[in-house]
Amino acid sequence: MSVDLKQNLFEVIKMLEEYLPHIVLGGGWASLIYYQYLWGDKNKFPIQTYDFDFIVGKQIPVSGQGKLIDKFLLWGMKPIYTPLTNSPVGHFEGEIEGTLLSIEFLTYAGYGRNKESIEVQPGIWAQTLEYLNINIENKIPIILDIEGKNLTIWIPQPAAFIFNKGLVFTKRIEDTKKAKDLYYIFDILAYRDRHKRELINGVKEVAAQYPSKWFNTFKDNLNKYFIEEPKNGINMVFSQKPTNAFKDFNDDQLKNNIQYVFNTFIKEIES
């Protein structure tokens with residue numbers, strides 16, 4: 001993820017300023033915020049992404065400055081709808097600062113059980129996914145200074161981010177998206193030793209808020225991909241490594257490190 005692409009994040013945040021209290025930023029952008037703003041490492045960039053995942057509740061109140069769809073159209077972001085059986089799932093595509101970006105809204109399946117998506121504001125459809133309430137209910141504020149103005153965005157707690165990713169990656173249809181989810185987990189766990197204990201305890205604390213079967217599923221998913229043969233998760237994580245990441249490792253060393261990080265994490269959360 002480049003500095004130029006980071007500027008696109010700022011442009012999107014400015015565009016959505018009055019709606020920021022109702023949005024939780026997910027995916028690779030959440031990772032960027034962890035490294036550069038929560039943990040203060042301005043040189044750390046995760047996987048490059050052009051997609052924005054906005055996690056929202058059951059309904060987004062209409063701002064006094066107008067509907068979201070009108071704001072998107074004003075910025076040249078066009079809706080792309082995918083007809084499904086019960087309701088449309090869509091995202092918005094357009095160029096910001098010369099870069100083609102995609103914005104998608106996601107919400108917890110419990111808000112619209114048995115529906116592929118729900119209309120959270122006129123013209124705005126959010127795809128319903130299991131376990132997303134974890135990120136909605138365990139969010140933290142981060143203040144960004146953008147062009148001399150302080151804007152508050154919301155991101156999942158790092159432990160909630162890990163717990164959610166560990167639950168949802170097996171439900172992904174595309175293998176690349178599964179691999180990205182696993183890489184996000186690895187990248188955070190491998191980042192700094194002093195964060196590991198905090199993350200392990202945090203995952204346990206977040207998991208304790210939800211049915212015990214969720215935590216069991218989380219552990220079973222990781223065991224299946226990193227402990228049980230053929231340990232496909234190792235190569236999946238390795239396939240997502242940015243070219244400028246983990247330069248101190250050769251390929252075999254990095255794969256061994258991936259296995260070590262996950263083995264240690266799994267052992268710790270099971271204890």
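Everything numeric here is computed off the predicted structure, so don't read it as measured data. We're numbering straight along the sequence, starting at 1. Reckoned from all heavy atoms, side chains included, excluding hydrogens, waters and symmetry mates.
- To the nearest 0.5 Å, the span separating CD1 on Ile118 from OG1 on Thr107 amounts to 4.5 Å.
- The list of side-chain hydrogen bond (donor to acceptor under 3.5 Å, both in side chains) pairs with a residue in residues 223-236, not counting sequence neighbours, reads Asn223-Glu270, Asn235-Lys255.
- In this structure, Phe265 has its ring center no closer than 6.0 Å to that of Phe262.
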Checklist entry - Step by step, would you call Phe105 with Trp125 a ring pair (Phe, Tyr, Trp, His ring centres under 6.0 Å)? => result CA-CA 7 Å; Phe105 290 86; Trp125 292 83; over 10 Å; no
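- A cation-pi geometry, defined here as NZ or CZ lying under 6.0 Å from the six-membered ring centre and within 45° of its normal, holds between Lys219 and Phe215.
- Under the 6.0 Å distance and 45° angle rule, Lys241 does not count as a cation-pi partner of Phe186.
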Validation: residues 199-211 side-chain donor-acceptor distances under 3.5 Å, sequence neighbours left out:
from, atom 1, to, atom 2, distance (Å)
Asn201, ND2, Arg197, O, 3.4
Lys204, NZ, Glu268, O, 3.2
Lys204, NZ, Ser271, O, 3.2
Gln209, NE2, Asn138, OD1, 2.9
Tyr210, OH, Glu137, OE1, 2.7
Tyr210, OH, Asn138, ND2, 2.9

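- Ring-centre distance between Trp39 and His195: below the 6.0 Å cut-off.
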Next on the checklist: Does Phe92 form a ring pair (Phe, Tyr, Trp, His ring centres under 6.0 Å) with Phe52? I'd like the steps, not just the answer.
Outcome noted: CA-CA 10 Å; Phe92 291 82; Phe52 288 83; over 10 Å; no
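- Rounding to the nearest 0.5 angstrom, the gap separating the CG atom in Leu106 from the CG atom in Asn135 is 9.5 Å.
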Checklist entry - Given the rule in the side-chain contact (heavy atoms from CB on, under 4.5 Å) test, do Trp29 and Asp51 qualify, once you have shown the distances and angles that lead to the verdict? => result CA-CA 9 Å; Trp29 295 109; Asp51 299 333; 5.9 Å; no
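- Looking at Lys6 and Gln36, their side chains do bring a donor and an acceptor atom within 3.5 Å of each other.
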